[in-house]
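Fair warning: this is a prediction, and the values are worked out from it, not measured in the lab.
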Amino acid sequence: MTDTTHADMTHEQSLSHEQSLEARLRAHHQDLPPAERRLAELLLNFPGDISRYSAGELAEAAGTSRAAASRLFRRLGYRDFNEARQQVRDAQRWGSPLYLSSATEASRPAPGDSSATGQDATDHGSGSREQGEARGSASPGGAGQGGTGQRGSSRQPSARGTEGQALSRGQGAQGGLTADSALGMHLAQEQDNLARSFAELDQAALGEAITALGKAPRVHLAGFRNSQMLASFFHRQLQLLRPDVQLLPRPGQTLGEDLVDVGADDLVILIALRRRTGQETRLLDSCRQQGAKTLLLVDPTCPTALAGDWRLEARVASASPFDSYASCLSMIQAICTMFYRQNIDSCQQRLREVEALHDSLDELSRL
């Protein structure tokens with residue numbers, strides 16, 4: 001195993017054990033001198049802004065000095081500001097909503113710019129880091145005041161400089177998003193995610209996976225945290241099209257009780273969008289040892305060390321702190337549609353049988 005591969009495998013586990021910027025700020029908050037406390041309070045509200053602004057800009061927004069900012073980061077246990085910034089960028093890449101929030105939502109980059117979400121447009125799980133950061137005259141503060149994320153800080157950032165950007169996006173004179181512009185930003189990002197996900201899709205891997213889906217004796221779907229919701233939807237769709245489709249783990253069970261039934265030539269589909277838990281690697285290792293084929297649905301930040309027979313990537317960037325799953329849902333629907341068309345006779349027969357059972361059980365309303 002190469003050093004790079006090992007780093008990919010251990011990166012996300014190390015993030016969960018490293019003390020976060022927010023935890024360090026809270027631990028030291030009561031003992032900070034006033035000049036450092038002002039910056040600490042600004043960062044407690046929006047710790048993710050470290051990735052977007054320089055130390056000087058943050059110090060100015062907090063009404064303190066660069067020297068005080070340097071002392072604060074050393075007091076928190078960092079070598080310097082850049083080490084704190086790298087930790088925050090790691091948290092953003094991992095998908096932490098707290099670290100994806102910004103005091104200047106109005107200055108978020110346009111769809112396709114990875115710096116707002118910690119998802120590098122060219123990162124395909126190789127462990128690369130984001131290089132982009134917000135530039136120009138904007139400082140933290142401005143449009144986001146009085147909104148989400150405020151936790152009792154009495155001092156608001158004072159810098160402005162976002163009015164031109166705000167007006168160019170159709171925002172009101174007060175700096176807040178109008179309904180139309182907020183929906184417009186959301187729609188533009190969703191369209192960008194869909195377009196890029198399908199433009200970058202490994203079509204050879206997709207075709208081979210769909211063939212395997214038809215040949216496998218059994219299909220097992222798995223996902224953890226938010227990915228479980230997507231795995232459940234995928235399970236429900238496939239159940240309409242073919243027999244022997246299982247969701248892992250079943251309610252009330254741990255993985256062991258279900259993995260024991262994974263056999264040679266079965267297909268295991270794992271959805272593993274950020275933030276991953278670490279169980280994904282153990283599940284895949286067990287399934288491979290039992291002779292199963294594996295298909296991964298992941299986002300581009302997933303390390304290549306989390307490997308399957310086939311890998312499909314869906315982008316999850318969002319105009320909010322919360323990841324978007326629209327492109328992954330669309331990809332699931334595309335897989336089911338292509339499988340249906342390749343196996344139309346058997347799929348139609350199964351659908352007829354399901355409908356007959358609905359009728360005999362009087363399960364569905366005609367309304």
Does [X] use its side chain to pair, donor to acceptor, with the backbone of [Y] at less than 3.5 Å?
X      : Y      : result
Asp309 : Thr294 : yes
Gln290 : Asp266 : no
Arg85  : Tyr53  : yes
Arg24  : Gln19  : yes
Ser327 : Arg315 : yes

Got a sec: does the [atom1] of [X] have more than 12 other heavy atoms crowding it under 6.0 Å?
X      : atom1 : value
Arg352 : CZ    : yes
Gln203 : CD    : no
His28  : NE2   : yes

Any salt bridge linking [X] with [Y]? Criterion: basic side-chain nitrogen under 4.0 Å from a carboxylate oxygen.
X      : Y      : value
Glu313 : Arg311 : yes
Arg26  : Glu22  : yes
Asp285 : Arg282 : no

Just to verify, what does Arg75 make a side-chain hydrogen bond (donor to acceptor under 3.5 Å, both in side chains) with, not counting sequence neighbours? Glu36
Set of residues satisfying side chain to side chain contact (heavy atoms under 4.5 Å, CB included) with respect to Ala209, sequence neighbours excluded: Leu295, Trp310
Can Met331 and Ser197 be said to form a side-chain contact (heavy atoms from CB on, under 4.5 Å), step by step? CA-CA 9 Å; Met331 200 168 291; Ser197 294; 4.2 Å; yes
Does any donor atom in the side chain of Asp345 or Gln349 lie under 3.5 Å from an acceptor atom in the other side chain? no
Decide whether Arg276 and Thr301 meet the rule of one side-chain donor and one side-chain acceptor closer than 3.5 Å. yes
Answer yes if Leu187 and Phe322 sit in the same cluster of Ile, Leu, Val, Met, Phe, Trp and Tyr residues linked by side chain heavy atoms under 4.5 Å apart, and no otherwise. no
Please assess Ser286 against Val262 for the test side-chain contact (heavy atoms from CB on, under 4.5 Å), listing each intermediate value before the final yes or no. CA-CA 9 Å; Ser286 176; Val262 175; over 6 Å; no
Please, which pairs that meet side chain to side chain donor-acceptor pair (under 3.5 Å) have at least one residue in residues 239-249, sequence neighbours excluded? none
Take Cys336 and Leu238 through the side-chain contact (heavy atoms from CB on, under 4.5 Å) test and state the conclusion after the steps. CA-CA 7 Å; Cys336 292; Leu238 283 179; 4.1 Å; yes
Residue of the set Asp299, Asn226, Asp323 for which side chain to side chain donor-acceptor pair (under 3.5 Å) holds with Arg274: Asp323
Can you check side-chain contact (heavy atoms from CB on, under 4.5 Å) on Glu355 and Leu351, steps first, answer last? CA-CA 6 Å; Glu355 286 301 313; Leu351 288 172; 5.6 Å; no
